[in-house]
Each structure stands twice: as structure tokens, then as C-alpha cells.
Amino acid sequence: MDFPMFHLDWLNDRFLIALIAILHVCINHGLAVGFIPYITRLEQQGVMNSSANEITNKEWDAMVYKMMKVGFIITTTLGAMTGVGIWLSVSVVSPSSIASLIRVFYWAWFTEWLVFVTEVVLILIYFLTWKNSNKSLKAKLRHIKFGWFLSIFSWITMAIIVSILGFMMDPGNWKTHHSLINGFTNPIYIPQLLFRTPTAMLVGGIFGYLLTTIFTKKNTELRARAVKQSSIWMLIWAPLSLAGAIFYYRAMPQAMKDNMSTAVGTLQFAQYYDLLKWIIVGAISTVVIIALAGLWKPKKIRFAMVIIPCLMAFGFLGIFERVREFIRKPYVIGGYMYSNLLREEDYPLYKRDGVLKYATYTTTPEVTETNKVEAGRNVFILTCSRCHTTQGINSIVTVFEKMYGKDKPFDEGSIAVFTKNMHNGRTFMPEFPGNKKELEALAAYIKHLQQTGDVIEGAQNEGVTVNPNQSVEAVVKLIDKQEKAKTDSLAKVQTALNK
Amino acid sequence: MFQLLQINTPVPRDIPLDLPLPEWLLITLLVVSFLMHIIFVNLMIGGTVLTLWCQIKGLKDKDYHNLAHEISRTITVNKSLAVVLGVAPLLSISTLYATYFYTATSLTGGMWIAIIPLVTVAFLLTYLNKYTWHVLDKNKPLSIAIIATATALFLFIPLIFLVNVNLMLFPEKWGTVKGFFSALLLPNVFPRYLHFICASMAVTGLFIFWYMGRKNYPFEQYFEKLTRYDVKKKAYSLTLAASVAQFIIGPLVMLTLPTKGFDTRLILVILCGAAIALPAMWWIWKAITGKPENIDKHFGKVVIALSITVVFMGSGRHVYRSNALRPHQKLVAANTAEFERLSKEARENPPTEQAELQIDSTLGAVAKGAAIFQMNCSSCHKEKEKLVGPPITEMVSIYANDKDGLKQWIKAPGKKRPDYPQMPTLSQLTDDDREELANYILSIKK
């Protein structure tokens, strides 16, 4: 509404955010939160299993160092950049929501940032002083201590982020008290943390397991020992991860009932929810199988056997993120702002006057007989384009064709009636905000899309056209009018007093 | 012309929530955290450029090859700190200038998102260069190609940020910009860019001077012919040359900046900053032309003086921004207040037409049911043909003698037919609504 509408018409804007966020979570959980304690434990075992006259088992320590190097390189490049990237992408796809959240959560984010800076400094120290610390036992033990510090900090970073995410899902409390504590008291905060912690450990473990098959030679004692250690680590965390998943899985719909004013159980959510069950069971059991195989015949383990369970474990993490993202719909900020970036409290105004009138950028401030399709396009950009594309992922044409039949020409009337009521049946979508004329224009545009295969390039390519109602000229007039009204009423009071 | 400009300048509304902190505090945080961030960005970029240069010289001279390796090792730390320190200024600018900053990033969104892969690749290349150093000893051109690509990326990426912090200052241009490259062509983007690159080289020179001059840095272990004095002198010369260049580029930046943000305060801040750099440059000159054993003599003073210059320039940057945007911010505030008023008014007198059922009284007893059907069901069900779900006539044939069954289905629909999508729960309906609906549905004749 107030910002130029960035739009990716093939990929879908939400998909862009989801892609970056899922990648980040996989790296953060799998290669930082879960991986660092796993590595530190291995480093410690090197010292414990060394002979009396050496500081650590050299061969073992070199292997652990190489594994850490992979973790270090990925977390400080892709990991760091996807973390910043979530923000960069949300700020173009959903600027009003992130700008609002920042106003309220400045301190939370600032604190998070301080923890994050500490984490980066610790990881730099931990990795870059590794080799130097091998010179004396005292230095090595201090280095291992750093590893544990770093593990704790990574975990704290995650715990704070989960709270912010939890807050964003919790509509009830935002309006009454805008404060961070709500994030921690969110009904799914604890279940989420209890799920994420062991799952991160498990994913960190399987990733390490995979690396041991790369950094050790086949049929060696070294590989056998490394595989065994990874297997033990995974077998410790797997049942906890499963228990956490069940706890979270149970808490989720309950939280949705508590949180959402509208009904649960849309067909969409039901599908993901069902899929989730199978993915949990599938991922955890393959991970357990490969761990057991590692204990049973550690020398026989090959890269090819581990890669599938490893991918499944990461996939499992990814799908959870996807579901979390879904729960929030139709709001971006529960009870306050919808995913179309319009505030709930402004809806009466939009319904009365239309959305176009108040849009900062539109080529059509008003729907007329001659500009119907073009106006419909603007309405589409303002009200549907955060979640739908014209012809790409979740295309508006496809979703209507799924209902009304492929290849059948759309009926504008049906589209209008559906759109007007869509929030009732499909609670993951916000209510259509505009007035009747805009609704009809939108329907005309959707029919036009079906007929022509037209696309939208987004403000980042086509630029914007300023709405004359929202230009400097209009606002200057407005201020003049207000000034005049003020002086007029003052003059009235004056004359009344004089009499 | 003037008229045209006015019409084409948008006045978006602000986020109608209070600032989390007093404005002056946020501004202080913004300026300070930005400077911390930019120093490490300077070191990252300057370090990469120098690595490339030394590596090329290293083809002939072994010592330069080693120097390149030593400099490249510092990039790992500096680049990680550059990224993580960038979060705080991003947070602060998003709080203070959401309307302006996010508009700019949306208008150049494609390139803004491209920051993620570009920086990731640049970082990976610097690691690749560092960790394949000994492997590629036999294949130096490849090694140089890697660092050259990283350098090119590092030199390009700042332009993306610059284009945005520049575009955000000029709402009058927002309606004319079509994507990143057109925003790149606004005047003063390139002078500012040169200013920044020169600053990077100056800061990196000072850094190398300190880093390789430290007592516990095992200099002799890495170099055969080069001495500490050589490296220090070269580093200092770099700083001096870059600083002299700033005295040409700086005025160019001022000349190309649109006048709307200028006032005496700004000029004063900038002149003070420049003045303080002069003694520093003098000390550097004396150090590189003096006796080798005296080269360290004024280092502390140089660093302090140039740091003060940096603080002045950083503040000047903010003064310009705040001057340039103030008149527009007033309009934004007025427009936001007006919108809030209108919204409140509409909220208090909600439009009635939409909420009410359109009752067609000719339908008699089932009129209300028909209206409810029209509002809630008709997008998927027609009277006689299949639309999304089965037609009414089919419902009648199933539930003709089972009104309770029909009501139950509406209350908790399931999935019966494999070739139809599942019907959603219509939670907005009351028991009464369902009674009316069932009456209407069952009143339809085949």
C-alpha cells in the first residue's frame, strides 16, 4: 500500500522468503547449534584418548579440525548471508510488516544482535586458534572450553529467535500489550524449543557422520571410531527429537485454536499436517537405522549410505519451517496486519472508499468503465500479489482453474462472489479489502489473465506510478485546507468573543 | 516543470507506531554502529584489493606472494565482523527511515536480493583462495583468477548499498526510477562510490601498518628481503595517497549532491573533518620521509586524528540526510495523520451495505436461507450444474429426507468424493443459519 510492490512473478514472493529462511534454519540448526557441541565433544575425546606423552591424538584431532572447517566455512558464508537475507527479502516483499515489528521489537533485535556478535567472535576464536592451541595441554583445554561457550551462545541465539517467531504467530497479545514477554509466554514457545534443541543436535550429528565418511579412509580404525562416536551421539538425541516433535505436533493445532479467531483445519493445513507425520517418522527412523548400522559394522559405512538419511534429516527440519510459516496466515502480524500488508483496523475505510484511492502507487486511482482491467491489475498487486503470481507458483489462474475446471473460460460473476467470501471458507487468506467496483475489476483482470497469459514485472523492474491523491501536491492542498479550517474557526471564536 | 515534479513526488504514509527510543538516541546508534560496520567493510574491500595486487606482483617476487597470503588471512576475520556489525545500522535505519529506505530497496529489489548470493560467492572465493594457497602454488594464474573475481564482486557490492542510501534521499525520483541500473545513474552515485573506495584504501593502509608492525607478529618468518620498515612505509604511503585523493573527490561529492540538504551546519561539519585530517597527513609524510627508526613515532596521533575525521564525515552524512528529508517528512506526517483520522472515522461508522444479506423477499419463507446461500456457498455450488462441488439438485437427492444429516454435513464437512476438493468448514455460520440454509436447499425442486 505505502511501498512500491516488489514482485517475483515466477518464483512467488513468499517462496523466496521461505527458500532463504529454510536454508538458514538448516545451516543454523544443523551446522551451528547442533554441530558445535558435537565437534567440541569429539575434540575432547581426542584429548582423553591420547597417550600420556601427547596433548591429543593427532590423527583424530586433524580429522575433527577438517570437519569444523567445513562447518566454519559454511556458517560464516551461506549461514551468515541467509540470516541477513531473511531480513533483506522480507524487507522488500513485506516492508510494512517488518517495519512495524522493528518499531516494537527494537530491543529484542538489538539484544539478539549483541548475542550474535559474541557468537561470531567466539566462532572466529574457536576455529582460527585451533592449531595454535595444540601446542600445550593447557591451551588445548582452554580451547575446548571455548567450544562449549560457543555451543551455549549458539543455543541462546536460537532461543531468542524462536521467541520472536513465536510472537509473530501470536495474534491475541500483540494488540493489547506490545511487548516481548509475550513471545516467551507463547503457548508454542516451549514445545518449539524442546523440539528444536534435540533436532538440531540430531541433524548436527548426521552431518558430522557424513563428514567422517569423507575425511577418513575406508576400512580404517579411525573411521570406525569416528562413525561409532557419531552413532552414539545420534542415538542419544533421536528419541528426544521424536518426543519433542510429538509434543510440538500436539501443541500446534491447540495453539492455532487459541490464536486464530477463524477456524482451524483448512484443507491446506490438513495436508501439510498429515505429510508432517510421515516425514517425522521416516526421517527419524532412517537416521536411527544408519546410526545402528554404524555401531554394528562401523568399518563398512560409506558416504553413499549416509547421504540419504542426512538429506532426510535436513528435509525434516525444512518442512517444519514451512508449516510454521503457514500457521501465521492470513496474518503477518497476528490480529494487526494481514499478509497483504493491510492493517485490519483500516479495512472499514478500504471497503468504503476502495484500496486504490489510498495506494501510494497506482496507475488508476479509481475504477472506471474504461480502465477496468488495468485497475484490476492494480487491485491484484495490492491485495493478492504477496501470495499469488499471475502464471508462476501459486498462480491465480491455476487456483481458480483448479476450482472451476481447466480450459473452461472463467465466469467473472463467480470469481467475484468467491473472492468476496473467500476468507470464510479459506481461512488462510485475508478478506478482500476493496469495494464492489474493485472486486469486479479484479475479476475482469483475472479473466484477462486466463485469456492472455499476461504477467506482472514488479516495481523492481517496471518502476512505479505515483497516485495523484497521494502526491506532494495533494498533501500540500490538504495542509492548506487544515490551516484554513483552523484560522476560520479561530476567527469565529474571535467574532463570538467580540460580540 | 515545477508543477510536474510536485505531482510526481509521492507522499507515502509512515508506520503508525511510536519509535522505540527517543529519536536522538536512535540517530546516535545509527551513526556509531554504521561507522563500526563500515570500517570493517573498508578493511575487507581494501584487503581484497591489496591481496590481488600483491599476488600479481608475487608472480615475480616471492616476498610479495607471501605478503598476499598474509593479507588474505585477515580478510576472513574482517569480513565476518563486517557482516555481523552491519545488522545494527540496518536495524536503526529501518526504524528511523522505514518509509525511505524500504521504498528504495523495493525499487531496486532484484539487485537488493542479489546481495545474498553475490556476497556469499565473494566470501567463498576468499576462502577458496586462502585454503588452496599451497595447492595452487603451481597454478598461480588460477589462484589470481579466483581472487580477481572476489575483488570484482567486492567492488561491485558496495554500489548496491550506495544506490539505495542515495535513492532514499530523493522521493522526487521514485516515480522515474526503473530498477537498479536506472537508479545507479542518478548523479553523485559514482563520486560517493569513489569517496568510499579511497576511504577503504586509507583505512586498510593504517591497518596493515599496525597488523604487520606488531611486536609479536613473526615478520621474519614469512619474508626474505622485505623488512618491516618496507611494509610499513608502503602501507603509510597508501594511506597518504588515498587521503590526498579524498581532497579532490570530496569536493566532487559535494558538488554533485543536490542542494536540498545543504546548510551551514553541514559545511562546518565537513570542513572540520577535513581540517583534522591535515595534521595526520603531515605526520605520515614526516614518517615516510624521515629516518626508518622513527616511522612509528606519530602512529597513535595519526589514528586518533583520522578517526575523528571519520566521525565527522559520518555525522556530515547524517546531517545531509536529515536536512534533505525533513520537508518531505513533514508531508508524510500530515498525510499519515489524515489517513489515521479517516480510518478511525470509517471504523466508527462501518459501511452497512456489505455486511447485510441481500434478501429477496419474493422467495418467502426461504428468502433468508437463499441469501445465506448466495453469500457463503454460491462460489462453489450452483443450482443444477457442478461447479466446484455438486449442484443443489444433487444435495436434495441425497438429503431429501434427512435435514439433520444435511445440517451436520454443513457443520462438519469431510471429503467424500475422490475427484472433488474437500469442502472447507464454514465457521461463521450459526445453528440458525444452518437451519435456514437446509430449508432453502431442500426447497429446490429438480
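FYI, side chains are in, hydrogens and waters are out, and symmetry mates aren't considered; it's all heavy atoms of this structure.
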> Checking side chain to side chain contact (heavy atoms under 4.5 Å, CB included) for the pair Leu107(B)/Val464(A): CA distance, chi angles, key distance, verdict?
Replying inline: CA-CA 8 Å; Leu107(B) 285 172; Val464(A) 286; 4.0 Å; yes
> Between Tyr336(A) and Leu17(B), is a side chain to side chain contact (heavy atoms under 4.5 Å, CB included) present by the stated rule, with each step listed?
Replying inline: CA-CA 12 Å; Tyr336(A) 179 72; Leu17(B) 294 168; 3.7 Å; yes
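Looking at Leu29(B), only its side chain comes within 4.5 Å of chain A, counting heavy atoms on both sides. At a 4.5 Å heavy-atom cutoff, Leu429(B) makes no contact with chain A through either its backbone or its side chain. In this structure, chain B has no heavy atom under 4.5 Å from any part of Glu457(A). When heavy atoms are compared at a cutoff of 4.5 Å, Ile123(A) does not approach chain B at all. Looking at Lys344(B), neither its backbone nor its side chain comes within 4.5 Å of chain A, counting heavy atoms on both sides. Using a 4.5 Å cut-off between heavy atoms, Tyr358(A) touches chain B through backbone and side chain atoms alike. The part of Leu26(B) that comes within reach of chain A is its side chain, from C-beta onward, which places non-hydrogen atoms under 4.5 angstrom from that chain. Ser33(B) does not touch chain A: none of its heavy atoms, backbone or side chain, sits under 4.5 Å away. For Ile415(A), no part sits under 4.5 Å from any heavy atom of chain B, backbone or side chain. Of the two parts of Val177(B), only the backbone, made up of N, CA, C and O, holds a non-hydrogen atom closer than 4.5 Å to a non-hydrogen atom of chain A. Neither the backbone nor the side chain of Phe400(A) comes within contact range of chain B; no heavy atom of the residue lies under 4.5 Å from a heavy atom of that chain. For Glu340(B), the part sitting under 4.5 Å from any heavy atom of chain A is the side chain, from C-beta outward, and nothing else. Within the 4.5 angstrom heavy-atom criterion, no atom of Ile74(A) approaches chain B. When heavy atoms are compared at a cutoff of 4.5 Å, Ser89(A) approaches chain B by way of both its backbone and its side chain. Interface residue Glu462(A): only backbone heavy atoms are found under 4.5 Å from chain B. Only the side chain of Leu124(A) comes within less than 4.5 Å of a heavy atom in chain B; its backbone stays farther off.
The most heavy-atom pairs under 4.5 Å with chain A, out of Val119(B), Leu91(B), Leu331(B), come from Leu91(B). Ranked by non-hydrogen atom pairs under 4.5 Å with chain A, the options Leu90(B), Asp14(B), Ile115(B), Leu19(B) are led by Leu90(B). Of all the listed residues (Phe6(A), Tyr106(A), Phe418(A)), the one sharing the greatest number of non-hydrogen pairs under 4.5 Å with chain B is Tyr106(A). No other option in Lys69(A), Met5(A), His7(A), Lys408(A) has as many heavy-atom pairs under 4.5 Å with chain B as Lys69(A). Of the residues considered (Ile479(A), Ile73(A), Asn461(A)), Ile73(A) shows the highest number of contacts with chain B, using heavy-atom pairs under 4.5 Å. With chain A as the partner, the residue from Phe181(B), Phe101(B), Phe339(B) showing the most heavy-atom pairs under 4.5 Å is Phe339(B). Of the listed residues Pro171(B), Ala334(B), Gly86(B), Pro16(B), the one with more heavy-atom pairs under 4.5 angstrom with chain A than any other is Pro16(B). For the options Trp87(A), Tyr350(A), Tyr347(A), heavy-atom pairs under 4.5 Å to chain B are most numerous at Trp87(A). Between chain A and the options Ile113(B), Thr105(B), Thr108(B), Thr76(B), the largest number of non-hydrogen pairs under 4.5 Å is found for Ile113(B). Comparing Val92(A), Val120(A), Thr465(A), Asp2(A) by heavy-atom pairs within less than 4.5 Å of chain B, the highest count is held by Asp2(A).
Closest non-hydrogen pair, Ile15(B) versus Ser96(A), comes out as CD1-O, 4.0 Å. Here the closest non-hydrogen pair linking Ser106(B) and Pro95(A) is OG-CG, 4.4 Å. For the pair Trp107(A) and Pro20(B), the tightest heavy-atom approach, listed with the atom from each and the gap, is NE1-O, 4.5 Å. In terms of heavy-atom proximity, Ala98(B) sits nearest to Phe3(A) at O-CE2, 3.5 Å.
Within the 4.5 Å cutoff, side-chain heavy atoms of Val121(A) are placed close to those of Leu81(B). Side-chain atoms of Pro10(B) and Tyr361(A), non-hydrogen and from C-beta on, do get closer than 4.5 Å to each other. When side chains are defined from C-beta on, Leu88(A) counts as touching Ile116(B), because their heavy atoms get closer than 4.5 Å. In this structure the side chain of Gln460(A) never reaches within 4.5 angstrom of the side chain of Lys178(B), judged on heavy atoms. Counting heavy atoms from C-beta outward, Thr76(A) and Val83(B) have side chains that stay 4.5 Å or more apart. Within the 4.5 Å cutoff, the side chain of Val11(B) has no heavy atoms near those of the Gln470(A) side chain. Glu345(B) places a side-chain heavy atom less than 4.5 Å from the side chain of Arg352(A).
With rounding to the nearest 0.5 angstrom, the CG atom of Asp346(A) is 3.5 Å from the OG atom of Ser343(B). How far CG of Leu124(B) is from OG1 of Thr77(A): 4.0 Å, rounded to the nearest 0.5 Å. Here the OG-CG distance, from Ser378(B) to Asn421(A), works out to 7.0 Å after rounding to the nearest 0.5 Å. Here the straight-line distance linking atom CG of Leu101(A) with atom OG of Ser94(B) works out to 11.5 Å at 0.5 Å rounding.
With salt bridges taken as basic N to acidic carboxylate O contacts below 4.0 Å, one links Arg347(B) and Glu345(A).
For the pair Trp113(A) (side chain) and Val84(B) (backbone), a donor-acceptor distance under 3.5 Å is present. Remark: side-chain polar atoms of Arg103(A) are not paired, donor with acceptor, to backbone N or O of Asp18(B) under 3.5 angstrom.
Among the candidates Val332(B), Asn335(B), Thr9(B), the single residue satisfying the side-chain contact (heavy atoms from CB on, under 4.5 Å) test with Val475(A) is Asn335(B).
Within 6.0 Å of the CG atom in Asp480(A), the count of heavy atoms belonging to other residues, nucleotides or ligands exceeds 12. The number of heavy atoms from other shown groups lying within 6.0 Å of CZ (Phe15(A)) does not exceed 12. For Glu23(B), the CD atom is loosely surrounded, since the number of other residues' heavy atoms within 6.0 Å does not exceed 12.
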